[in-house]
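Submitted below is the structure of interest, expressed as structure tokens.
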2 protein chains.
Amino acid sequence: MAGDVLVQPARKERLSLRIALEICREIRDGSFQPGDQLPPERELAVQLDVSRTSLREALRGLEIAGIVESRHGGGTFVRRFSALGVESPLAMMFEASHDNLSDLWEVRRIVEPALAERAAIRADATGVAWLGEMLERHRQPYLREGVENSAQVFDREFHAGVARLTGNVAMEQVIQLVNTLVHRGYRPDPGLAGGRRRQAYARHLAVYEAIRRREPQAARQAMVDHLQEVEEYILTEIIERCHEDV
Amino acid sequence: MAGDVLVQPARKERLSLRIALEICREIRDGSFQPGDQLPPERELAVQLDVSRTSLREALRGLEIAGIVESRHGGGTFVRRFSALGVESPLAMMFEASHDNLSDLWEVRRIVEPALAERAAIRADATGVAWLGEMLERHRQPYLREGVENSAQVFDREFHAGVARLTGNVAMEQVIQLVNTLVHRGYRPDPGLAGGRRRQAYARHLAVYEAIRRREPQAARQAMVDHLQEVEEYILTEIIERCHEDV
DNA sequence: TACCTGAATTGGTCTGACCAATGCTGCACG
DNA sequence: CGTGCAGCATTGGTCAGACCAATTCAGGTA
């Protein structure tokens, strides 16, 4: 019987969890490729020998995790790049408080320099070119005034891109989630951002250049400087806001 | 009618998502405190004017996000500290991607030394004493032969403990999840572990001593050495297993 | 008082039904 | 022949009600 696959994990765990893990495994093993459409719920439920109810609970979980995506009337698809972006259900549920914010920022300070360093060591030519094109694409909107928080989007995209160049999926996901939560918890004042944005873009360029020239230490240092700068921005802005409140 | 609260977000989103966001909001607003028990599913479904099916899909999502926790026959509770469990989005993502072990290990190599360093700076006396007691408790079982994989449990406990001393909840969660996944992916041969365990325990002691004496660099170095040693163990063992297979 | 039993509570799973969005097929018309 | 639209098939979304299984707790018994 097809459903026997699900018996492996301890009989104790919820069925929906076992189903979700099973589907994850099939994705990993290549039975379902990224971009593929999964079988219809009714059919998949029969294949796995579970009710549609339980299957759907599993799919909702996978959707929250950013692994699949369901479209009403269209079907359920495996995401190409499982993204824990701001619009992901997970991010929508999680509200970063100020306590968490400094914690999350510390995770960035620890992980991101190491990511930049490793990217400079391991990135292949294709990846470097890809990152370069990304920066070129960011250039105009980044420097122009009044494009509001698109800068935040670009910032996240760049940092996620550096993470991707390391080839380490685990780190990429961790840092993407952390950055999403940080950006969610802190929304900069769009008006004040002109010079800051230029500076941030310059630092991004510096990181990229170091990666392109295969200089791990320089890449690490550029990232450290970037984070340091941004941290100071955030601190001063928070202080200003406190003054306004008083 | 109670269910009208749910109409606010665009009528487009799935009902289960709207429910999940609504519950999140009530948690943030204090209607449900961390540790509280939520109303029974049947009752909550009536309150929100939705079917139990949809409510359950929402609760599964919240559980995956680490916000609530359901116990069969017990009830559903708001988590005190939203935890990244094995059913967390990140865990599922790793499950869905190939070859996680080396990636996960690299996360440890990056994060754990930094954790040890910060623990040596920030830990309070209570925390240090707590870690010391933990090691004392580990001592006998760790060094005795034949206690099987309890060593793995102790190992996870110690590393989680160091993370806790930093006071950074986010990092604690991340490293706890990573270590769980690593240990799940790699089960050492219990028979060969005698000397190795003694060595690991000695390194744990070294890390602890450095933290106790407030020597950040020493703590970092001890952790680096520890991870390096364990990594070598794992590599040689994997190679041996390959030989057996041939 | 301590322990055990059983009923009430509560989450877990299943079935089958119907609604709603999407996509496709084939026919009619230009 | 090509184009556009109507209608049907497909597929996800929601619902109601039933029954199973783990936990909890009150009440009774030793």
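A, B, ... follow the sequence lines: proteins, then strands. Residue 1 opens every chain.
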Which nucleotides of nucleotides 15-23 of chain D have their base under 4.0 Å from a protein heavy atom (B), which only their sugar-phosphate (S), and which neither (-), written as one string 5' to 3'?
BB-BB-BBB
How many Å lie between CD on B:Glu43 and C1' on C:dA8, as a whole number?
15 Å
Between P on D:dG12 and CG on A:Leu38, what's the gap in Å once rounded to a whole number?
9 Å
Rounded to whole Å, CZ of B:Arg14 lies from P of C:dA21 at a distance of 13 Å
Can you pull the salt bridge (Lys or Arg N to Asp or Glu O under 4.0 Å) pairs that have at least one residue in residues 160-176 of chain B, sequence neighbours excluded?
B:Arg164-B:Glu172
Restricting to pairs with a member in residues 24-69 of chain A, which pass ring-ring contact (aromatic ring centres under 6.0 Å, His included), not counting sequence neighbours?
none
Rounded to the Å, how far apart are A:Arg56 CZ and C:dA17 P?
18 Å
Nearest-Å distance for atom pair CD/P, residues A:Glu41 and C:dT15
15 Å
B:Glu112: what forms a side chain to side chain donor-acceptor pair (under 3.5 Å) with it, not counting sequence neighbours?
B:Arg108, B:His159, B:Asn179
Name all residues meeting the side-chain contact (heavy atoms from CB on, under 4.5 Å) criterion together with B:Arg42; count only those two or more places apart in sequence or in a different chain, and write none if there are none.
B:Arg52
Output, in order, the C-alpha distance, side-chain angles, deciding distance and verdict of side-chain hydrogen bond (donor to acceptor under 3.5 Å, both in side chains) for A:Asp155 and A:His138.
CA-CA 9 Å; A:Asp155 194 66; A:His138 288 184; over 6 Å; no
C:dG12 P sits how many Å from B:Glu69 CD, rounded?
11 Å
Interatomic distance where CG belongs to B:Leu48 and C1' belongs to D:dT14 [whole Å]
15 Å
To the nearest angstrom, how far is A:Phe77 atom CZ from C:dT22 atom P?
12 Å
C:dG12, OP1 or OP2 - any side-chain N/O from A:Ser16 closer than 4.0 Å?
no
What residues, two or more places apart in sequence or in another chain, satisfy salt bridge (charged side-chain N to carboxylate O under 4.0 Å, His left out) together with B:Arg122?
A:Glu106
